[in-house]
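These figures come from a predicted structure and were not determined experimentally. Below, read A as the first sequence line, B as the second, and so on, with proteins coming before strands; counting in each chain starts at 1.
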Amino acid sequence: MSPDSLPPDIRDTDLAPDVLEPELERTWRTPRGLIGALSTVDHKIIGRRYLVTAFIFLAMGGVLAMLMRLQLARPENRVLPPDLYDQVFTMHGANMMFLFAVPVMEAVAVYLVPLMVGTRNVAFPRLNAFSYWMYLAGGFTLWTAFALDMGPDVGWFAYVPLSGPEYGSGKRADIWAQMITFTEVSAMAVAVEIVVTVLKQRAPGMSLDRIPLFVWSMLVTSFLIIMAMPAIMVASTSLILDRLVGTHFFNPAEGGDVLLWQHLFWFFGHPEVYIVFLPAVGMVSTIIATFTRRPTFGYLALVMALIATGILAFGLWVHHMFATGLPRLGESFFTASSMSIAIPAGVQIFCWLATLWLGRPVYRTPLLFVLAFFVTFVIGGLTGVMVASVPLDTQVHDTYFVVAHFHYVLIGGAVFPLLGAIYYWYPKIVGRMMSERLGRWVVGLLAIGFNLTFFPMHLLGLHGMTRRVYTYQVEMGWGGLNLFVSLSAVLLACGFALFFFDAIRSSWIGEPAGDDPWGGPTLEWSTTSPPPPYNFRHIPIVRSGQPLWDDTETLTVAAGLRVDRRELVVSSVAEALPEAREASPANSIWPLWAAIASTVMLISSIFSPWAVVWGAVPIAVALIGWFWPKGTPEDEA
Amino acid sequence: MRARHLLLAACAFLVACQREQRDLRTDPPVAEALGQVAVMPGGIGGRPAAIDRALGHPYQTNAYQLNQGKRLWDWFNCSGCHAAGGGASGPALTDGSWRYGPDMVSIFVSIRDGRPNGMPAFRGKLTDEQILQLSGYVQAMGAETASTAAPSRNDTMQARASENRAPAAAAFPKQVSR
């Protein structure tokens with residue numbers, strides 16, 4: 001293309017600082033109004049929506065949990081009829097795993113990763129918008145179905161044959177399976193964005209050994225998502241096919257295999273646990289570094305532990321299936337691999353302890369959450385080692401012991417760090433501080449309420465109380481502990497309610513935060529709170545792992561980017577040497593249309609296979625609109 | 001976005017209604033009233049029980065009830081005579097031809113009281129509600145167009161396409177006319 005046909009080319013070096021910011025704002029902003037809101041591709045706006053939506057689902061799933069505790073508070077209780085109870089525990093599990101745990105971690109990543117690596121938007125921003133709409137539609141599908149007495153009732157794992165065509169009557173299991181499709185499409189989309197953002201859009205100089213640990217953890221998590229989610233999509237699609245058009249994937253009489261379901265499900269399901277946990281590892285490492293005022297001890301060891309956990313995650317799914325009658329050698333192998341996960345977990349814990357030991361800890365709310373995490377997560381890890389052994393597992397399989405174990409690792413291991421992270425990054429996202437006084441109450445209520453609620457469940461499990469029972473007889477002798485658990489759950493619920501209260505209240509009347517309230521070391525604290533649409537006036541140049549601590553006076557920046565169109569720096573994978581100026585897509589309404597078209601197709605295909613054929617037409621139209629060539633020149637190196 | 005939610009909710013509501021409702025224990029008065037069908041003289045045709053109408057004909061439209069009917073079909077070995085609906089020593093139930101009428105009351109009476117030439121009476125072996133479940137299923141297996149509430153295949157060797165893949169007659173390449 002000849003130079004004179006190029007559009008006007010305004011660089012940031014051409015403009016004075018006071019002109020530069022309004023110009024960047026004009027290029028990157030999200031227009032006001034409904035259309036603007038629906039077509040935005042700003043990772044901060046989408047990340048914020050993701051966060052709010054995920055926390056709404058957390059609250060709704062919490063209400064379901066309280067309903068279950070109400071039903072189980074005394075023997076032979078009649079609050080929830082058995083059929084509704086089945087739906088409630090399935091909704092609780094599916095909602096918490098697919099609509100809260102995974103998306104909320106992605107939400108934090110969508111918001112923070114571009115800020116932490118010093119770029120202006122995620123890679124594939126329109127895909128990011130699409131992923132949020134798909135997630136919202138999936139959640140809406142599940143909850144609408146539940147409201148219509150059509151909620152899934154087969155457990156969050158939906159084992160065949162219970163969920164299969166013969167026993168899973170109606171469309172309840174299909175709703176579950178299709179909700180999986182929605183959330184997995186969105187999760188895969190975000191994972192791809194994060195991988196590309198981290199590998200190709202880092203600020204110049206941020207070589208692999210200078211990537212913040214939270215970004216490392218999200219990179220590993222994203223690879224886990226990319227490798228684990230296809231298994232569950234294959235499984236759920238096969239299930240819908242079995243149920244709707246009568247294929248025989250899971251029908252042993254026609255050459256299918258029931259256990260195939262469990263293998264496919266847990267080949268996803270176990271890495272899923274680490275998809276939820278590894279971001280928490282990153283959050284803990286970040287919080288500890290900031291509040292001990294020193295770099296995290298053992299950066300390399302922590303990164304290696306993250307990667308090791310990620311790899312091991314794919315080698316131990318069978319420990320969920322010890323009760324299915326596997327060959328002895330298989331059981332031994334998977335016991336060994338399950339126990340070996342304790343090695344990287346131990347490395348992480350000791351690195352964090354060393355950081356605390358060597359630094360000067362400032363005990364603010366985020367760090368208190370981390371301390372609560374230590375205790376709770378270690379207990380969960382110890383019971384994890386216990387259930388990794390086949391003899392004990394066959395005894396406690398499907399009892400409340402397992403319920404206690406996985407709530408310890410999920411709430412203790414992921415939700416506590418997540419809430420700490422919310423307290424930590426809230427000022428960056430909202431521009432105001434959350435209340436320190438309320439925050440201490442939240443930590444206390446949650447830590448005490450949680451342990452009082454879930455620790456007795458170990459005992460109930462050892463006494464033989466099975467999971468998923470909607471009631472129990474007086475003679476079983478479980479009434480006292482169950483009542484105690486239910487009362488403690490009220491304490492736990494109060495903790496969460498106080499957290500929500502604090503988060504909402506602080507967005508109105510919280511103390512203004514300033515750019516860097518905690519004195520954090522990473523790049524997100526170098527911009528304003530909340531960040532402008534273009535994130536950074538100039539792309540920073542990174543010369544250490546803690547740029548804000550080591551370059552105290554001024555941060556070196558890169559210049560020469562265009563301001564009349566969205567442009568960011570693409571850098572090399574290992575050394576983050578700048579390679580090119582890359583155009584970043586502008587706002588577009590088409591991802592929303594594509595998501596609506598996909599939603600119509602996916603929901604209709606529960607009812608008729610022809611929906612896949614006719615539903616593909618509007619999707620194709622939406623995708624053509626999405627990818628319509630713009631006639632802008634390709635990116636310049 | 002709100003419009004989309006309304007649309008979605010409307011779609012979901014239209015297809016759902018009570019098709020998924022599942023009462024694991026029918027109230028005894030309701031169960032009692034379910035058997036009160038008014039049968040025409042001659043034992044063919046009649047008026048369904050008032051309670052069945054009041055409930056919205058759940059035994060024909062509710063996915064769970066139809067599925068229960070399918071299980072009863074297996075448990076009571078209906079295939080022993082009717083095969084998988086294609087007919088053997090008993091008549092076919094999927095060819096659109098009904099000796100004693102295609103309506104729910106006629107099928108209900110056929111099962112409850114039996115019919116000449118070999119159809120046994122299941123009165124006393126099945127409750128009225130179970131007979132209604134079975135009747136609804138028998139109707140569904142012979143339906144020209146499948147309802148979305150119709151059951152899917154069983155985890156067994158397949159003798160025919162499942163009930164939700166209507167038309168039923170097409171499930172059998174060759175009809176045995178009896």
Approximate separation, where rounding is to 0.5 Å, of Arg22(B) CZ and Gln87(A) CD: 7.5 Å
Heavy atoms of other groups near Arg53(B) CZ, more than 12 under 6.0 Å: yes
Gap separating the CD atom of Glu166(A) from the OG atom of Ser162(B), nearest 0.5 angstrom: 12.0 Å
Expected output: side-chain Arg243(A) to main-chain Ser152(B) donor-acceptor under 3.5 Å: no
Contact class of Arg25(B) relative to chain A, heavy atoms under 4.5 angstrom: neither
Other residues, nucleotides, ligands: >12 heavy atoms within 6.0 Å of Tyr167(A) OH: no
More than 12 heavy atoms from other groups under 6.0 Å of CG on Asn117(B): no
Asp155(B) side chain vs Ala253(A) backbone, donor-acceptor pair below 3.5 Å: no
Option in Pro82(A), Pro165(A), Gly255(A) with maximal non-hydrogen atom pairs under 4.5 Å from chain B: Pro165(A)
Residues, nucleotides or ligands: over 12 heavy atoms within 6.0 Å of Arg47(B) CZ: no
Interatomic distance, Asp149(A) atom CG to Tyr64(B) atom OH [nearest 0.5 angstrom]: 12.0 Å
Chain A contact via Asn164(B) - side chain, backbone, both or neither, heavy atoms under 4.5 Å: side chain
Atom pair CG/CG of Leu24(B) and Asp86(A) - distance to nearest 0.5 Å: 8.0 Å
Chain B contact via Asp242(A) - which portion, at a heavy-atom distance below 4.5 Å: both
Straight-line distance of Thr156(B) OG1 to Asn251(A) CG, nearest 0.5 Å: 6.5 Å
Gln158(B) side-chain N/O to Glu254(A) backbone N/O, donor-acceptor pair under 3.5 Å: no
Which of Pro252(A), Ser169(A), Ser608(A), Gly246(A) touches chain B most, by non-hydrogen pairs under 4.5 Å: Ser169(A)
Partners meeting side-chain hydrogen bond (donor to acceptor under 3.5 Å, both in side chains) with Asn95(A) (sequence neighbours left out): Trp143(A)
Toward chain B, the part of Pro81(A) with a non-hydrogen atom under 4.5 Å: neither
Trp593(A) atom CH2: more than 12 heavy-atom contacts under 6.0 Å: no
